Amino acid sequence: MKFWTIVLPIVLCLFSCSSKKENNVVVFSGHIKNTRLDSVFIILNEREKGFALDFDGNFSDTIQLNNEGYKVLSIDREEYPVYLAPGDSLFFNTDLKKLEETYYFKGKGAERNNYLFEKDKLINAWLANESLFKLNSDQYIQNMEDFSATLRKAMVGFNIDKSFEKIESRNLYFDEFNLLYTYRDTYAYFNPTEIQLPIDFLDFKRFNLDNEEDFNQFRSYRSIVTYFLDEKLNNGESPIDILKNIKSESIKYSFIRTLIDNLDPTDEFSPVAYQAIQSFCEYQPWLKEAKSIMDNRKK
């Protein structure tokens, strides 16, 4: 009896851990016609997963998800949005000679990902209209809100389940802010003779920009956080002070990764950034990488 008292919890724990790992798996396979590619990739926040294509363009493998959410399918350096959830089993089919007409998912999770491809096409077409960026801010915002309503209607034709519809509605809220950022970023170029937009045109205060769950789930939210932290740096705030105020581990390490990627031994800002990296990063490979970059300054 004592033996089972000790062993049973261990067995249950192992079963539970194993089940949890299996439940986080996404099966992803497909066929790509008219390609010379050897791989396609799923970009998963801070890492990517490659899928090797055989001679006929077939591939099949699994993805171990750390976080459900919006990811990116990369085909020949072109990126397409996807949403992956534990238990998805997706089959992807396309012909690279006519990708827009043949891009299609089947299987569990297919409906939401077919919608996201259609949504991406609509956004790209909308952004290609340069006359939008010559509108005044009130006109642009009205046009953007009308376009967002069009995207919401597009969901109806894809038999999307209610749970994802709720997630995507939140995602569209973040998307709208990113469209506002694009407008602000290009306004001076398209309207050189006009009075420039007010400094507070973008209201970052409407968001909680230290949300671990949103950062891992929504790429659109990640973009907003990135813009916000970049603006803090550009306004002269110390990277050490920025990191002190970040509670989310994912946001903190994403910001540290950005600091490392921008280290330049000849740049006067880099020693300050390097000090921040040393103070807040506990991941040894990144610390070694940052040290290697900065040591070149002494040579």
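Here the structure is a predicted model, which means the values were calculated and not measured. When reading the values below, keep in mind they use all heavy atoms of this one structure, side chains included, and skip hydrogens, waters and symmetry mates.
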Checking [Y] against [X]: is there a side-chain donor and acceptor pair closer than 3.5 Å?
X: N93; Y: H31; value: no
X: S250; Y: N216; value: yes
X: E168; Y: N171; value: yes
X: D138; Y: Q142; value: no
X: S270; Y: D264; value: no

Measure from the ring center of [X] to the ring center of [Y] and say whether it is less than 6.0 Å.
X: Y183; Y: Y187; value: yes
X: Y173; Y: Y221; value: no
X: F28; Y: F59; value: yes
X: Y104; Y: F117; value: no

Can you tell me if [X] has over 12 outside heavy atoms packed within less than 6.0 Å of its [atom1]?
X: R206; atom1: CZ; value: yes
X: E237; atom1: CD; value: yes
X: Y283; atom1: OH; value: no
X: Q278; atom1: CD; value: yes
X: K121; atom1: NZ; value: yes
X: E130; atom1: CD; value: no

Item to complete: Could you give me the CA-CA distance, side-chain angles and deciding distance for R184 and E231, then say whether salt bridge (Lys or Arg N to Asp or Glu O under 4.0 Å) is met?
Response: CA-CA 13 Å; R184 193 200 69 172; E231 295 213 353; 2.5 Å; yes
Item to complete: Carefully, step by step, assess R47 and N66 under the rule side-chain contact (heavy atoms from CB on, under 4.5 Å).
Response: CA-CA 10 Å; R47 63 188 177 95; N66 292 333; 3.5 Å; yes
Can you say whether the rings of [X] and [Y] are parallel (under 30°), tilted (30 to 60°) or perpendicular (over 60°)?
X: F158; Y: Y115; value: perpendicular
X: Y140; Y: W126; value: tilted
X: F105; Y: F92; value: tilted

Is a side-chain N or O of [X] found less than 3.5 angstrom from the main chain of [Y], in a donor-acceptor match?
X: N234; Y: D230; value: yes
X: T62; Y: V26; value: no
X: D95; Y: L99; value: no

Whether [Y] and [X] form a salt bridge (side-chain N of Lys/Arg under 4.0 Å from carboxylate O of Asp/Glu) is what I want to check.
X: E289; Y: R257; value: yes
X: K119; Y: D175; value: yes
X: E249; Y: K252; value: yes
X: D214; Y: R222; value: no

Quick check: closest heavy atoms across [X] and [Y], and the distance to 0.1 Å?
X: T182; Y: F133; value: CG2-CE2, 4.0 Å
X: L37; Y: T35; value: N-OG1, 2.9 Å
X: N113; Y: G109; value: ND2-O, 2.9 Å
X: F255; Y: P239; value: CE2-O, 4.1 Å
X: F41; Y: G50; value: CD2-CA, 3.5 Å
X: F147; Y: L179; value: CD2-CD1, 4.4 Å

Worksheet entry | side chain to side chain contact (heavy atoms under 4.5 Å, CB included) involving E282 - partner list, sequence neighbours excluded | Y253
Atom pair [atom1]/[atom2] of [X] and [Y] - distance to nearest 0.5 Å:
X: I224; Y: E176; atom1: CD1; atom2: CD; answer: 10.0 Å
X: N191; Y: N136; atom1: CG; atom2: CG; answer: 9.0 Å
X: I260; Y: S292; atom1: CD1; atom2: OG; answer: 11.5 Å
X: L44; Y: Q64; atom1: CG; atom2: CD; answer: 10.5 Å

Worksheet item: side chain to side chain contact (heavy atoms under 4.5 Å, CB included) with I277: which of I240, V272, L259, I293?
Response: L259
Worksheet item: Can you list the steps and then say if D241 with K232 is a salt bridge (Lys or Arg N to Asp or Glu O under 4.0 Å)?
Response: CA-CA 10 Å; D241 290 337; K232 280 179 167 287; over 6 Å; no
Run the side-chain donor-acceptor check on residues 73-89: report pairs under 3.5 Å with partners two or more places apart or on a different chain.
unit_1: Y83; atom_1: OH; unit_2: E68; atom_2: OE2; d: 2.7
unit_1: Y83; atom_1: OH; unit_2: Q217; atom_2: NE2; d: 2.8
unit_1: D88; atom_1: OD1; unit_2: R112; atom_2: NH2; d: 3.1
unit_1: D88; atom_1: OD2; unit_2: A85; atom_2: N; d: 2.9
unit_1: D88; atom_1: OD2; unit_2: R112; atom_2: NH1; d: 2.7

Item to complete: Could you list the residues that satisfy salt bridge (charged side-chain N to carboxylate O under 4.0 Å, His left out) with D56, not counting sequence neighbours?
Response: none
